[in-house]
There are 2 protein chains.
Amino acid sequence: MRATHDSAEPPLHCQFCRNRSDSAFHNLGTDELDTISRLKTCVSFRKGQVIMHEGARPQGVYCIHKGKAKLYKMGPEGKEQIIRFATNGDLIGYRSILSDEPISASITALVDTYACYIPKSSFFEVIEGNPKFSLNVLKLSCHELGEAGKMIASLAQKTVRERLAEILLILRATFGEDEEGFLDIKLTREEIANMVGTATESAIRLLSELKEEGRISTQGRRIKLEDRPGLRKIAAVFE
Amino acid sequence: MRATHDSAEPPLHCQFCRNRSDSAFHNLGTDELDTISRLKTCVSFRKGQVIMHEGARPQGVYCIHKGKAKLYKMGPEGKEQIIRFATNGDLIGYRSILSDEPISASITALVDTYACYIPKSSFFEVIEGNPKFSLNVLKLSCHELGEAGKMIASLAQKTVRERLAEILLILRATFGEDEEGFLDIKLTREEIANMVGTATESAIRLLSELKEEGRISTQGRRIKLEDRPGLRKIAAVFE
DNA sequence: TCAAAAATATGACAATTGTCATTTTTAAGC
DNA sequence: GCTTAAAAATGACAATTGTCATATTTTTGA
């Protein structure tokens, strides 16, 4: 099953990580990569397993090697609000460590997920000793802050239909498409609703509507975006 | 008017800034403060003036010395969505500079505002040469990212009434109270609505409701929180 | 492969919140 | 202090979205 593709397991040395060029570690030198490689441990999570719990104080950060995870807060009624996703090459848990605050959003593996765990002290050691890395993490957090601002504006002002169209585009940008052109992530309609910030039935209804309009097609739970310009127009999203 | 209080103008040297202990500059040494003091310029904005425009590429950051500002995005219908506020000691514009992205939220002075402007190149110079400062800014952006996550969850799942109660508490936490116990910021009801993410009339109606219930009182545009535990309960906010 | 559980889909109805119109009050600027 | 414009307040009605119920389909795990 997995054997025909690249290994799911991270390499022992970060130097050989295939995600590195797109990650916060992209411009670290040999010494720095040596340090991290020495200090990290490789871990895996089964689909559905909680990687980090909201409210906890993590003792380290994870760099996802292969997999997909959702970051979500529980609302007052016990419903999840998905804040964002993380996938290959993404650093998770750093926000809580750096702000010295509890974890504000739980993290759960959406598929079997392999990651490198870097203990807090090691993480600080590398941050404090490497201005380049520190700046990379700064860039990352500032980028995410901008994305959060966009989501705030959407949630506050757009209709559910508009937001759904936008979420579909975000899913594609985050996870890409599989060989058949379907979004390369399978989410329940409940999870989609939990990202849009609406009731499951509303999400289902509007997905049906978009299907009838020919803007998406589905096969089981899978979704294919058939009319991206149309979705972008509905979502009032401009590049 | 202003003369009976501390000067609105920033001191020439950051060493004498009264906001410093609570800002990203709190643990910088004399050398570092010298550098920033040498490179900064003092600027002021009239109430209502735009400090930074959404979409622009800023050439520097501001550290607010005295004043209040709102950060807001324009929605597709031309309505503002207030993302958050900034006040004395807050660094603004850094997100765009560090992520190398355009400004994602305009910044407008809510009252006459005095700030220190640090050019981009100087800002990077200090960031790259001072691990402590870099870490402070990291801490700041990570804290703001956590706050944004909270707002996302509220906007997605809470009713307008719940969100209004929460916003009132946030306003108090951000700006404090004046000598008479009113929130030390005067906002139009439209601005409050633009933070809650609702129509102005809805915000007005719910403020009236909270007034009738005795949870708040008003004098003109000013608002006093009369029952903070009650508001916290409505807002489903826990410390 | 099969059975059971979970998820999806749809309809009917309810609730929340938005829009529009109008009157009253407050703030701003001279 | 006064005038005017902007904002606040309120009511009526409309629209969007949520809840509840039920049937159908898909997924899961043995």
Side-chain angles (χ1 to χ4, degrees), chain A residues 1 46-49 75-81 109-112 154-165 167 182-183 185-213 216-223 234 236, chain B residues 1 46-49 75-81 109-112 154-165 167-168 182-183 185-213 216-223 234:
Chain A
M1 160 168 107
R46 305 304 309 268
K47 176 182 169 176
Q49 204 174 346
E77 315 286 328
K79 192 168 143 88
E80 287 182 5
Q81 176 58 36
L110 288 169
V111 298
D112 290 353
S154 287
L155 281 165
Q157 301 200 357
K158 291 184 184 176
T159 63
V160 173
R161 178 177 155 96
E162 287 164 345
R163 298 202 310 267
L164 175 62
I167 294 298
F182 289 93
L183 295 177
I185 179 73
K186 283 199 290 191
L187 296 172
T188 64
R189 298 301 179 258
E190 186 177 7
E191 277 166 330
I192 290 178
N194 287 348
M195 214 183 162
V196 173
T198 191
T200 308
E201 292 90 337
S202 298
I204 289 172
R205 278 204 196 87
L206 288 162
L207 282 170
S208 293
E209 202 175 288
L210 291 177
K211 234 189 320 188
E212 275 161 29
E213 295 168 7
I216 62 171
S217 59
T218 59
Q219 197 179 68
R221 210 180 276 173
R222 300 195 295 164
I223 299 175
I234 294 172
Chain B
M1 164 166 110
R46 305 304 308 270
K47 176 183 172 177
Q49 203 174 349
E77 316 287 326
K79 193 168 141 96
E80 288 181 5
Q81 177 59 36
L110 289 168
V111 298
D112 291 353
S154 288
L155 282 165
Q157 300 199 359
K158 291 184 182 175
T159 63
V160 173
R161 178 178 153 93
E162 287 163 347
R163 300 204 304 271
L164 175 61
I167 294 295
L168 291 173
F182 289 93
L183 295 179
I185 179 73
K186 282 199 291 191
L187 297 171
T188 64
R189 298 300 180 258
E190 186 178 11
E191 275 164 334
I192 291 178
N194 286 350
M195 214 181 162
V196 173
T198 192
T200 309
E201 291 91 338
S202 297
I204 289 171
R205 276 202 198 88
L206 288 162
L207 283 169
S208 291
E209 200 175 287
L210 290 177
K211 232 187 324 188
E212 275 160 29
E213 294 168 8
I216 64 172
S217 59
T218 60
Q219 198 179 64
R221 210 180 278 174
R222 300 196 296 165
I223 299 175
I234 295 173

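Throughout, protein chains are lettered first and strands after them, A, B, ... in sequence-line order, and every chain is numbered starting at 1.
- When side chains are defined from C-beta on, A/Arg221 does not count as touching A/Leu187, because their heavy atoms never get closer than 4.5 Å.
- B/Arg161 places none of its side-chain heavy atoms less than 4.5 Å from the side chain of B/Leu164.
- Of the possible donor and acceptor atoms, none in the side chain of A/Gln157 sits under 3.5 Å from a partner among the backbone N and O of A/Ser154.
- Computed from coordinates, the B/Arg161 CZ to C/dG18 C1' distance equals 19 Å when rounded to whole Å.
- Distance A/Leu187 CG to C/dA6 C1': 16 Å, rounded to the nearest Å.
- Rounded to a whole Å, the CG atom of A/Leu207 is 16 Å from the C1' atom of D/dT25.
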Which letters describe nucleotides 20-30 of chain C, given B = protein heavy atom under 4.0 Å from base, S = only from sugar-phosphate, - = neither?
BB-----SS--
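- Rounded to whole Å, the distance from CD on A/Glu209 to P on C/dT10 is 11 Å.
- By the 4.5 Å heavy-atom criterion applied to side chains, B/Met195 and B/Glu191 are not counted as neighbours.
- Minimum atom distance to the side chain of B/Ser208 is reached by D/dA9, of the listed C/dT17, C/dT10, D/dA9.
- Between B/Leu164 atom CG and C/dT16 atom C1' the separation is 15 Å, expressed in whole Å.
- With a 4.5 Å cut-off on side-chain heavy atoms, B/Thr218 and B/Lys211 count as touching.
- Using a 4.0 Å cutoff on non-hydrogen atoms, the parts of residues 189-199 of chain B near DNA chain C are B/Gly197, B/Thr198, B/Ala199, ordered by number.
- Here the side chain of A/Glu212 pairs no donor or acceptor atom with the backbone of A/Glu209 at under 3.5 angstrom.
- Residue whose closest nucleotide on DNA chain C sits further toward the 5' end, between A/Ile204 and A/Ala156: A/Ile204.
- Between the CD atom of A/Glu77 and the P atom of C/dT16 there is a distance of 12 Å, rounded to whole Å.
- Counting to the nearest Å, the C1' atom of C/dT16 and the CD atom of B/Gln157 are 16 Å from each other.
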Test salt bridge (Lys or Arg N to Asp or Glu O under 4.0 Å) applied to A/Asp112 and A/Arg46, step by step:
CA-CA 4 Å; A/Asp112 290 353; A/Arg46 305 304 309 268; 3.5 Å; yes
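- In this structure, B/Ser202 reaches the C/dG18 phosphate: one of its side-chain N or O atoms is under 4.0 Å from OP1 or OP2.
- Taking for each of B/Thr188 and A/Leu206 the nucleotide of DNA chain D with the nearest heavy atom, the 5'-most of the two is the partner of B/Thr188.
- One interatomic measurement links the two molecules: CD of A/Glu212 to C1' of C/dT8, which rounds to 15 Å at whole-angstrom precision.
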Extract all donor-acceptor atom pairs below 3.5 Å that involve side chains of residues 198-208 of chain B and protein atoms in other chains or at least two apart in sequence.
from	atom 1	to	atom 2	distance (Å)
B/Ser208	OG	B/Ile204	O	3.2

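- Counting any heavy atom pair closer than 4.0 Å across all strands shown, B/Thr159 reaches sugar-phosphate atoms only and no base atom.
- For the pair A/Ile223/A/Lys186, no side-chain contact is recorded, criterion being any heavy-atom separation below 4.5 Å from C-beta on.
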